[in-house]
Number of protein chains: 2
Amino acid sequence: MPRTPTLEDVATRAGVSTATVSRCLNMPEKVVEATRQRVMEAVEALGYAPNFSARALVAKRTLTIGAVIPTMENAIFAEGIQAFQDILQAAGYTLLIASSGYDPATEAEAIRTLVARGADGLLLIGFDRDPALYSFLDKQGIPAVVAWAYDAAGPLVSVGFDSRAAMHHLACHAIGLGHRHIGMISARQSGNDRARARVEGVTEAMRDAGLGAPVLEETDYGIEEGAAAFSRLLDRDPALTLVMCGNDVLAAGATRQAEQHGLSVPRDISLTGFDDLELARLVTPALTTVRVPHRAMGEAAARTILAALAGETPSARLLPTDIKLRESLGPPRA
Amino acid sequence: MPRTPTLEDVATRAGVSTATVSRCLNMPEKVVEATRQRVMEAVEALGYAPNFSARALVAKRTLTIGAVIPTMENAIFAEGIQAFQDILQAAGYTLLIASSGYDPATEAEAIRTLVARGADGLLLIGFDRDPALYSFLDKQGIPAVVAWAYDAAGPLVSVGFDSRAAMHHLACHAIGLGHRHIGMISARQSGNDRARARVEGVTEAMRDAGLGAPVLEETDYGIEEGAAAFSRLLDRDPALTLVMCGNDVLAAGATRQAEQHGLSVPRDISLTGFDDLELARLVTPALTTVRVPHRAMGEAAARTILAALAGETPSARLLPTDIKLRESLGPPRA
DNA sequence: GATTCTCTTGTAAGCGCTTACATCCCTCAA
DNA sequence: TTGAGGGATGTAAGCGCTTACAAGAGAATC
């Protein structure tokens, strides 16, 4: 196995010094045409690629941004992250993505890995994590921004939306339609402030209306999981006329399961989601859900981190959500 | 802004040499308990994180594998990549993912970036790319494996399935059902050998049966794109009784669009997909599709790359696909 | 008590690169 | 003809880390 070529190999082959080769690569206008040509030929012939580690070591910056997202398995974060990446790329940055599988320890590990790899900045989802991580980031002097959640007073700048208010709004609407027996399928609340806020939104709306708390099932993300949770909910309370889900994926599973139970949606039971993924329009009946401005959020997050990198002190941004009324929500059965 | 702490800072604070700190971190059993404790305290207090670039520079390996996938926006690669990552993680490797957006130039760029970042190995999707890239990888001595495609004689080891044969099989089945007017919605074929193979599979099956070529629409990935392509297809040939789609995402879009056109699937028109994503079971009617062993493929790809890293010369692996007959395919309308 | 062995820790080289500074050579004005 | 000025290139330091080797301190052996 041939040793991978270094700057020095190129320099020797081109008959110049390493400094000249380096200049050819980084500031081509600083070196005369003939030399540059010779160097470039050597680069080509050797299949030389600069060693990023060595470069990062001296340059103190990597033009890399890291993002730690809970999962890539479903589309919840895909669109926002794509937008985030688009803006970053245009600014010359590379995005490195790690996924935590909703596990705090894995997330902490991923954050440290990304920092160690010299990420110039970090994107995190939500605020729920060990405070030690915040002080770690602070000590490292690495700008980080939180997305998918909003807290003007949080330990990091954030770009997000108000899950609680959005869900509250949707629940109020459903209650207005006459629903009294409401169930909820939530993602695991531990370590997930978005999930918690959504449950709170529903709970408060019900309390305001003089109803008790929703019948709650907590589950992992996934269509199958949503389906199973729906069945459990129905077991616990057959009088339910509405099941609100913490996200569209769970709602899609619930929709499928309702069909299995021989229930017609929304005639026999209503269902709602959260996120407004493509999925929401695909299932039958189409899901009533909360529209989240994924793309705008990803872009805003990218701009925020770029601003922080430029030495500014960006402030938190709250983005509006709105309710998409589609077919899965109707009045309760008589 | 405080300079980010280095090994030396820790050493000074703990009153030892940098070598001792390094040992504490990498071979803790080599240093006596009391010293280790002192060092660890300093590490903690300073929020020290080892500089990955410096470490990689001397260690000549990064325990990092890079993967360049065409897209993260939909679930096509998610499950396979997740399995790939699981195996890698268990072996102590970190996975870095880049997406190319199905653009060859972006892909080449991503490959070079990953190599420069010291990826010890690479996962690529399909074989279609500039041969210069293969010789580049060869010169760099970086083991790479191709997944989602299979070619025992290809320039790189591969772990995949036979798209052409699978699609051929499915098309034969449909022809057996009586379909004569077949349309096809394909992903862009340029630079995408899987897409091309699938079109070939259908074309051959039709030729074998004495039929002409399928009415073909090519489009970008996406539900909306699939829906639009379906409409175009119907415009071109209203006699179509079956539309075969290059993947489930396009088929899902087509399904939705059929409904818009007031067509009942499969009574008025049949539809098929490819991949067997969760999506396939979610849409109504459930999609007849080709089941791809995503998880097995991801795992096999990981094992293959690990073997290559261990100095072995792994051989290509062909994984079986099979046909999932569900509701979207029926006999042609009378 | 001298010798050897073992265990812990320190010293220092060097990974591949960038860049401040030094050097060289050529042009041009006086 | 000479010296200043300036552009192209070379020299070498040093980024933060790992690790071969050296050094020192006990413990064990004779």
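Chain A is the first sequence line, chain B the second, and so forth, proteins listed ahead of strands; every chain is numbered from 1.
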**Asked** When all nucleic acid strands are considered with a 4.0 Å heavy-atom cut-off, which category describes A:Thr6: base, sugar-phosphate, or nothing?
**Response** sugar-phosphate
**Between P of D:dT11 and CG of A:Leu7, the distance in whole Å** = 15 Å
**Request:** State whether a side-chain donor-acceptor pair under 3.5 Å links B:Thr64 with A:Arg117.
**Result:** yes
**Asked** Do you know which two heavy atoms are closest between B:Val157 and B:Pro314, and how far apart they sit?
**Response** CG1-O, 3.3 Å
**Request:** Look at A:Thr20 and D:dG10 and indicate whether a side-chain polar atom (N or O) is within less than 4.0 Å of OP1 or OP2.
**Result:** yes
**Prompt:** Can you check the A:Arg23 CZ to D:dG7 P distance for me, whole Å?
**Reply:** 14 Å
**Fill in**
Nearest heavy-atom contact between B:Pro143 and B:Asp120 is CD-O, 3.3 Å
**Item:** Touch class at under 4.0 angstrom, heavy-atom based, for B:Tyr48 against every strand present
**Value:** sugar-phosphate
**Pair B:Tyr102 + B:Tyr221: ring centers closer than 6.0 Å** = yes
**Message:** Five pairs per end, C1' atoms only: what is the angle between the end axes of the helix from C:dG1-D:dC30 to C:dA30-D:dT1, to 10 degrees?
**Reply:** 50°
**Message:** Check this for me, if you would: do A:Arg36 and A:Glu33 make a salt bridge, where the nitrogen-to-carboxylate-oxygen distance has to be below 4.0 angstrom?
**Reply:** yes
**Prompt:** Knowing that exactly one of B:Leu96, B:Leu122, B:Thr94, B:Leu309 qualifies, which makes a side chain to side chain contact (heavy atoms under 4.5 Å, CB included) with B:Ile65?
**Reply:** B:Leu309
**Message:** At 4.0 Å (heavy atoms only), tell me whether B:Ser22 reaches a base, stays on the sugar-phosphate, or touches nothing.
**Reply:** base
**Asked** Is it true that B:Asp128 and B:Arg196 make a salt bridge, defined as a side-chain N closer than 4.0 Å to a carboxylate O?
**Response** yes
**Request:** Assign B:Ala59 to base, sugar-phosphate, or nothing according to its heavy-atom contacts below 4.0 angstrom with the strands shown.
**Result:** nothing
**Request:** Walk along DNA chain C from 5' to 3' and tell me the first and last nucleotide with an atom closer than 4.0 Å to a non-hydrogen atom of chain B.
**Result:** C:dT8 to C:dG16
**Prompt:** For DNA chain D, which residues in residues 24-42 of chain B have a heavy atom at a distance below 4.0 Å?
**Reply:** B:Asn26
**Item:** Heavy-atom neighbours of B:Glu109 CD exceed 12 at 6.0 Å
**Value:** no
**Prompt:** According to the interplanar angle, ranging from 0 to 90°, do the rings of A:Trp148 and A:His294 count as parallel (below 30°), tilted (30 to 60°) or perpendicular (above 60°)?
**Reply:** tilted
**Item:** Electrostatic pair A:Arg129-A:Asp193, nearest N-O below 4.0 angstrom
**Value:** no
**Request:** Go through the steps for B:Thr18 and B:Val10 under the test side-chain contact (heavy atoms from CB on, under 4.5 Å), then give the verdict.
**Result:** CA-CA 8 Å; B:Thr18 60; B:Val10 176; over 6 Å; no
